[in-house]
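Only one structure is covered here, and it is reproduced in the block below.
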Amino acid sequence: MCFLFLCGILLLGVVNAQFPYLNNKTQEFAVNGSAIPNVTFDIGESYAGYLPNTVTGYPSSNLYFWFFPSSNPNASDEITVWLNGGPGCSSLAGLMLENGPFLWEPGTYAPVRNPFSWTNLTNVVYIDQPSGTGFSLGPSTAISEFDIARQFTYFWKLFARTFDLQNRKVYLTGESYAGQYIPYIAAQMLDMKNTTYFNVAGVQLNDPYINDLTVLQDAPALSAINHHPSLFPFNSAFKSHLTTLAQTCNYTTLLTTALTYPPPLTPFPPVSHSPNCTTLYTQILSAISAQNPCFNPSHITDTCPPPWNPIGGPILSVGPGPTNYFNRSDVQAAINASPTDFSLCKGNIFRTPDGLDPSPPSSLGPLARVIEGTNNTLIAHGTLDFGLLVNGTLVSIQNMTWNGKKGFQREPVEGLWVPFREGGGSGGGVLGTAHTERGLTWSEVWGSGLEIPRYSPGAAYRQLEFLLGRIDSLSDQVEKFSTE
Ligand SMILES: *[C@@H]1O[C@H](CO)[C@@H](O)[C@H](O)[C@H]1NC(C)=O
Ligand SMILES: *[C@@H]1O[C@H](CO)[C@@H](O)[C@H](O)[C@H]1NC(C)=O
Ligand SMILES: *[C@@H]1O[C@H](CO)[C@@H](O)[C@H](O)[C@H]1NC(C)=O
Ligand SMILES: *[C@@H]1O[C@H](CO)[C@@H](O)[C@H](O)[C@H]1NC(C)=O
Ligand SMILES: *[C@@H]1O[C@H](CO)[C@@H](O)[C@H](O)[C@H]1NC(C)=O
Ligand SMILES: *[C@@H]1O[C@H](CO)[C@@H](O)[C@H](O)[C@H]1NC(C)=O
Ligand SMILES: *[C@@H]1O[C@H](CO)[C@@H](O)[C@H](O)[C@H]1NC(C)=O
Ligand SMILES: *[C@@H]1O[C@H](CO)[C@@H](O)[C@H](O)[C@H]1NC(C)=O
Ligand SMILES: *[C@@H]1O[C@H](CO)[C@@H](O)[C@H](O)[C@H]1NC(C)=O
Ligand SMILES: *[C@@H]1O[C@H](CO)[C@@H](O)[C@H](O)[C@H]1NC(C)=O
Ligand SMILES: *[C@@H]1O[C@H](CO)[C@@H](O)[C@H](O)[C@H]1NC(C)=O
Ligand SMILES: *[C@@H]1O[C@H](CO)[C@@H](O)[C@H](O)[C@H]1NC(C)=O
């Protein structure tokens, strides 16, 4: 799309102050920020469209992106990627429900400006990957995380060339299954040793998938229900059944062993993958869903009725607005997306016999190397997430060796300080924990479910400021606060 007025300016070779990234390479991607359906305000400069991710030996395919340059002068040497997980979920979920410049939240009538937009801080690009996800039409060709990383880096070089983003610090951020994608992509970038395109400066994984589900769900499930007794009000017979099962399956000893600071250097007790043991989590899910039919594993305080979701999702409920906004042809035309039968999440995104990812979970794979290669890795976790559990992530961290030592040496208890800001519906104060050792930061957010920028936007904004190096510590103000 070419804006007539701006094309005239381009011919004169003048950089437009309002659209600094607009030139004859980028104009085909330009999005008219005043023409996003249902959005009643100008979302500013942005670019969207497709670039190839075609790796030799695979059919040609491409990835969809939507890029928001920031007007923050501090961002001039940065570029930040946001990826949603799934596998197979569109990153536009993050844009529209979490950290983009406009939000259309479930249960609300219209999009609103997001005062905690990450684009306030840095240049952010949302990418639908791997191919086959969201607006990236496919075919899906990845058979492992190594393919995902190679396809992504191929795309990334073209993206950086198109928008003249060479020699930028690259920050990779995302949530859930992006906890698997990002460490593999970051490791591949670091291995390429080319800072012109792949200068990975930091990595942020929110509520990440970094280990197998037995460790992330079954093993810590009992500790989670004990942590939230009023949200899982089970009778004593069921609780003692769960307690016995957790003991028999070695989940209890795994937690007490791993959540010791520092952890023992000897291997942690092996957890049982026997059929009984791997149903512990689903037994809790069925029991809690009987008590609370609208139980939402991503945010455990939800009750009925579920709000209608403008962009779709696992819980479908009809409301006075769209339930699949990005499936509308006017929306697709406005953001340079090909006509697509759009689903927020698609299954079988890996071209493997079972459609699943055969690569080792990232904490048993490249994550430690990525921590060492950046010394700036942030793992954040919402305490109200019962899809991926806080203590499963912590156990996985305690089982990792990076920068010469295994796990955290000290218990991660320091407060996460979030400043109070006017408006925008996000509180301040001590909203969780934040702890850094040897290049890895762990930050728990107490009031948040899986989607931290949605449930605790001020905390997520603060964590991003830390990742970008704009603030030195997530806890600093706590000490000042408490000594005043
Ligand atoms: C952008 O969209 C608005 C609203 O449809 C329209 O008034 C305006 O002319 C468009 N701008 C350009 C440069 O095309
Ligand atoms: C794009 O602009 C550059 C200079 O800014 C010029 O050298 C080049 O020829 C232009 N390309 C096209 C296709 O107009
Ligand atoms: C959104 O836009 C569509 C198409 O223009 C319109 O039918 C609908 O009423 C709008 N919804 C809201 C909530 O403004
Ligand atoms: C983001 O920028 C807008 C516009 O400048 C501003 O109103 C808002 O307060 C900023 N948000 C934060 C969290 O600083
Ligand atoms: C990165 O690779 C490009 C070629 O793709 C090369 O021109 C450039 O010099 C390399 N940069 C570094 C820092 O190695
Ligand atoms: C995690 O484990 C610790 C130590 O056993 C426990 O105190 C805490 O309540 C657990 N937290 C959650 C959210 O499960
Ligand atoms: C529990 O761990 C012990 C070693 O600590 C091991 O001997 C036993 O087989 C494990 N139990 C199960 C069910 O895996
Ligand atoms: C699994 O369940 C069966 C039948 O209830 C029981 O006999 C067996 O001991 C259980 N195994 C474990 C590891 O809990
Ligand atoms: C998307 O819209 C098309 C019609 O434009 C419809 O056939 C299709 O079922 C819709 N897909 C989803 C997932 O809603
Ligand atoms: C990361 O920090 C360790 C010390 O913990 C240091 O040895 C290493 O050189 C650092 N790596 C980078 C890439 O800065
Ligand atoms: C701990 O790491 C070892 C490999 O170093 C792995 O075999 C084991 O499954 C891991 N345990 C957990 C609970 O992640
Ligand atoms: C730029 O970063 C510095 C700290 O590094 C901060 O003091 C300043 O407020 C930032 N500017 C903007 C516009 O965010």
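Order of appearance sets the numbers: ligands from 1, and atoms from 1 within every ligand.
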* Asked: So is there a nitrogen or oxygen of S223 less than 3.5 Å from a nitrogen or oxygen in ligand 6?
  -> yes
* Structure fact -> Closest to atom 6 (C) of ligand 6 by heavy-atom distance, out of T256, T383, N391, is N391
* Asked: Can you tell me if N114 uses its side chain to pair, donor with acceptor, with the backbone of P101 under 3.5 Å?
  -> no
* Asked: In terms of atom number and element, which parts of ligand 6 are under 4.0 angstrom from non-hydrogen atoms of L259?
  -> 2 (O)
* To do: Evaluate the criterion ring-ring contact (aromatic ring centres under 6.0 Å, His included) for residue pair F386 and Y281; output intermediate values, then yes/no.
  => CA-CA 10 Å; F386 192 73; Y281 173 78; 5.1 Å; yes
* Asked: How are the rings of Y126 and F68 set to each other: parallel, tilted or perpendicular (split at 30° and 60°)?
  -> perpendicular
* Ring centroid separation for F135 and F65, is it under 6.0 angstrom? -> no
* Answer with yes or no whether P220 contacts ligand 6, where contact means a heavy atom under 4.0 Å from a ligand atom. => no
* Asked: N32 heavy atoms, cut-off 4.0 Å: which ligand 1 atoms fall inside?
  -> 1 (C), 2 (O), 3 (C), 8 (C), 10 (C), 11 (N), 12 (C), 14 (O)
* Who's the nearest protein heavy-atom neighbour of atom 11 (N) of ligand 12, and how far? -> N74 ND2, 2.9 Å
* To do: Test F408 against every option in W442, W402, Y261 by the ring-ring contact (aromatic ring centres under 6.0 Å, His included) rule and name the one that passes.
  => W402
* To do: Looking only at protein heavy atoms, identify the closest one to atom 4 (C) of ligand 12 and say how far it is in Å.
  => R470 O, 3.8 Å
* Does NZ or CZ of K25 lie under 6.0 Å from the centre of the six-membered ring of F159, at an angle within 45° of the ring axis? -> no
* Taking the six-membered ring for Trp and the single ring otherwise, decide whether the centroids of F29 and Y47 are under 6.0 Å apart. => no
* List the closest protein heavy-atom neighbour of atom 13 (C) of ligand 12: residue, atom name, distance to the nearest 0.1 Å. => N72 OD1, 3.4 Å
* Asked: Any protein heavy atom under 4.0 Å from atom 9 (O) of ligand 12?
  -> no
